[in-house]
Novice: 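Questions regarding the structure given below will be posed in turn.
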Amino acid sequence: MKLIVAIVSKEDGSEVSRELTAVGYSVTKLSTTGGFLMSGNTTLLIGVDDEKVDDVISIISKFSKKRKHFVPASAGYGVGIYSSIPVEVTVGGGTIFVLDVDRFEKV
Ligand code: 2BA
């Protein structure tokens, strides 16, 4: 068994979760915050048999879109002048970790 940890944008989280649930996967949806942008994203926990991992990843990638964000970056010119230049960052579709599960129980 594997535990899939998938980080997607918060705009896509509900749809990805709905699509996975609709075809029978169990999903736990967490509201999380990315450390770089410090903005909200969604982390999904999905426990599945090994042979289902690729199917889950294909559903996540189908419903997770890439988006561009602008973050301020400071530039110094060495003469006491600084300016803030927006830098474009592409976020997503999904960041996915697949972990081995040693033991799974429902009690
Ligand atoms: P954030 O940490 O808020 O990162 C948002 C986006 O900013 C990233 O998109 C990436 O394009 C950029 N970025 C992140 N760290 C950077 C850095 N040190 N320098 C320059 N650009 C940087 P994604 O790669 O699509 O990641 C989306 C979210 O997935 C991340 O949000 C974070 O919450 C999570 N994530 C990505 N890689 C991870 C990892 N190796 N471990 C844990 N969480 C990760």
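Just so you know, ligand 1 is whichever comes first in the structure, and atom 1 is the first atom listed for that ligand. Values in this document were obtained by computation on a predicted structure and should not be read as measured data.
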Novice: Determine the sole option in L20, V27, I46 for which the side chain to side chain contact (heavy atoms under 4.5 Å, CB included) test with I4 is passed.
Specialist: I46
Novice: Which residue supplies the protein heavy atom nearest to atom 26 (O) of ligand 1, what is that atom called, and how far is it?
Specialist: T95 OG1, 3.8 Å
Novice: Would you mind checking which non-hydrogen protein atom is closest to atom 27 (C) of ligand 1, with the distance to 0.1 Å?
Specialist: V91 CG1, 3.9 Å
Novice: Would you find more than 12 non-hydrogen atoms of other residues, nucleotides or ligands less than 6.0 Å from K52 atom NZ?
Specialist: no
Novice: Examine distances only and state if a side-chain atom of S64 and a backbone atom of S61 form a donor-acceptor pair shorter than 3.5 Å.
Specialist: no
Novice: Answer side chain, backbone, both or neither: which part of L37 comes under 4.0 Å from ligand 1, heavy atoms only.
Specialist: both
Novice: Look up atom CD1 in I7 and atom CG in N41, then write down how far apart they are to the nearest 0.5 Å.
Specialist: 6.5 Å
Novice: For atom 33 (O) of ligand 1, what's the nearest protein heavy atom and its distance?
Specialist: N41 ND2, 3.0 Å
Novice: Counting only nitrogen or oxygen atoms and a 3.5 angstrom limit, does F97 reach ligand 1?
Specialist: no
Novice: Just which atoms of ligand 1 are under 4.0 Å from any heavy atom in G34?
Specialist: 1 (P), 2 (O), 3 (O), 31 (O), 33 (O)
Novice: Starting from atom 43 (N) of ligand 1, which protein heavy atom do you reach first, and at what distance in Å?
Specialist: I7 CD1, 3.6 Å
Novice: Is the shortest side-chain N to carboxylate O distance from D12 to K62 below 4.0 Å?
Specialist: no
Novice: Could you grab the distance from atom OG1 of T42 to atom CD of E11, nearest 0.5 Å is fine?
Specialist: 8.5 Å
Novice: Would you mind checking which non-hydrogen protein atom is closest to atom 12 (C) of ligand 1, with the distance to 0.1 Å?
Specialist: V89 CG1, 3.4 Å
Novice: What residue and atom, counting heavy atoms only, is the protein's closest point to atom 13 (N) of ligand 1, and at what distance?
Specialist: F36 CD2, 3.4 Å
Novice: Starting at CG of L37, measure out to OG of S9 and round the result to the nearest 0.5 Å.
Specialist: 11.0 Å
Novice: Distance under 4.0 Å to a non-hydrogen atom of T90: what atoms of ligand 1 satisfy this?
Specialist: 9 (O), 11 (O)
Novice: Look up atom NZ in K10 and atom OG1 in T32, then write down how far apart they are to the nearest 0.5 Å.
Specialist: 10.0 Å
Novice: Which atoms of ligand 1 have any heavy atom of G92 under 4.0 Å away?
Specialist: 25 (O)
